[in-house]
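Quick note: residue numbers are just sequence positions, from 1. All values below come from the heavy atoms of this structure, side chains included, with hydrogens, waters and symmetry mates left out.
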Amino acid sequence: MREMRCARTARTCGRLVLLLLLTATVLLTPAPRLTKTATSAPAPPAPDPALPTVGRAWPVGVRPPILRGWEPPATPYGRGHRGVDLAAPAGAPVRAVAAGRVSFAGRVAGKGVVSVELTGTGDPPLRATYEPVRASAKKGDEVEAGEVVGTVEASGSHCTGTCVHWGLRRGEAYLDPLSLLPPWLLHRGPSRLLPVLGVPLPS
């Protein structure tokens, strides 16, 4: 009888020791680092705080896919991407992102280009450029945010499909055009229908 009790006690002690070892291992193991999983399209970068968020509209669409983002060159003549490529079908309207004056509307190296000097953005002013665009606005026109300045051309894009290259400059310095857009426009969620107060429901 005593031998059976000793055997049971040994088994119980062995289980307790094993449980203590497992608990210690779990508690002493460092937590794994969480990493973001890749998504189909990169999220827009945070706006540059040095630039005024005067933008009130995307150049094309409501929230167009960004095919290629801003990649500032290491040197003035170095490789990079001096703007943002936005997916857009041929013939889609191209809008001014902010109020300003059209400083150029014509063709450069066979591509249609529209440039708008943005109102109230310093000296020299910020200049937004859109290409390839068939211009409907003319040099000297005053435009409001969201006003159509042209349409997307079917050819002349450096994207695989049709797109609009949206650039931003101050003088000769290239800047990230997404910095013009406020957070509510960059990260707008899906639309929701809200009830209208005082209107009876249909029977």
Side-chain angles (χ1 to χ4, degrees), residues 42-73 75-78 80-89 91-153 156-159 162-188:
D48 183 343
L51 293 176
T53 53
V54 294
R56 294 296 173 264
W58 283 90
V60 287
V62 176
R63 178 68 177 84
I66 298 171
L67 302 178
R68 187 175 177 191
W70 161 250
E71 298 165 20
T75 62
Y77 301 104
H81 191 232
R82 295 163 172 84
V84 172
D85 291 339
L86 304 174
V94 178
R95 295 178 168 82
V97 296
R101 184 182 58 81
V102 177
S103 57
F104 180 84
R107 302 198 77 72
V108 176
K111 296 181 188 177
V113 177
V114 175
S115 294
V116 179
E117 288 185 353
L118 307 181
T119 305
T121 56
D123 187 25
L126 291 171
R127 186 169 72 247
T129 303
Y130 317 98
E131 62 178 83
V133 174
R134 182 175 307 283
S136 57
K138 299 183 295 298
K139 182 178 179 178
D141 285 355
E142 297 287 335
V143 293
E144 295 298 320
E147 188 172 335
V148 175
V149 294
T151 56
V152 179
E153 289 187 328
S157 166
H158 58 245
C159 302
T162 56
C163 74
V164 169
H165 178 83
W166 172 28
L168 181 67
R169 291 172 72 175
R170 187 187 294 281
E172 296 304 309
Y174 288 90
L175 305 165
D176 182 1
L178 290 176
S179 295
L180 293 176
L181 300 181
W184 63 266
L185 198 51
L186 274 173
H187 307 289
R188 180 184 293 174

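- With sequence neighbours excluded, the residues satisfying side-chain hydrogen bond (donor to acceptor under 3.5 Å, both in side chains) with Glu117 are Arg101.
- For Ser103 against Arg127, the heavy-atom pair with the smallest separation is OG-CD, 3.6 Å.
- Contact annotation: the side chain of Tyr130 approaches that of Val116 to within less than 4.5 Å [non-hydrogen atoms, C-beta and beyond].
- Residues Leu86 and Ile66 are in side-chain contact: their nearest non-hydrogen atoms beyond the backbone lie under 4.5 Å apart.
- Side-chain contact check for Pro59 versus Val97: some heavy-atom pair is nearer than 4.5 Å.
- Taking every heavy atom of both residues into account, His81 and Asp85 meet most closely at NE2-OD2, 3.2 Å.
- Side-chain contact between Arg56 and Pro182: present, with at least one pair of heavy atoms (C-beta onward) separated by less than 4.5 Å.
- The aromatic rings of Trp166 and Trp58 sit perpendicular, their planes meeting at an angle over 60°, well past the 30° parallel limit.
- The two atoms that bring Val148 and Ser136 nearest to each other are O-OG, 3.9 Å, heavy atoms only.
- Here the CG-CG distance, from Leu168 to Leu118, works out to 7.0 Å after rounding to the nearest 0.5 Å.
- Glu71 CD: more than 12 foreign heavy atoms inside a 6.0 Å radius.
- Arg63 CZ to Leu185 CG: the interatomic distance, rounded to the nearest 0.5 Å, is 8.5 Å.
- Going from atom NE2 of His158 over to atom CD of Glu131 covers 7.5 Å, rounded to the nearest 0.5 Å.
- Under the side-chain hydrogen bond (donor to acceptor under 3.5 Å, both in side chains) criterion, Thr129 pairs with Ser115, not counting sequence neighbours.
- The backbone N or O of Leu51 lies less than 3.5 Å from no partner atom in the side chain of Ser179, so there is not a single donor-acceptor pair.
- A donor-acceptor pair under 3.5 Å is absent between the side-chain atoms of Arg95 and the main chain of Val149, judged by distance alone.
- Of all heavy-atom pairs between Asp123 and Arg170, the closest is N-NH1, 4.4 Å.
- Of all heavy-atom pairs between Val114 and Ala135, the closest is CG2-CB, 3.6 Å.
- Minimum heavy-atom separation, Val152 to Pro89: CB-O, 3.5 Å.
- Side-chain contact between Pro52 and Leu126 is present, with heavy atoms from C-beta onward closer than 4.5 Å.
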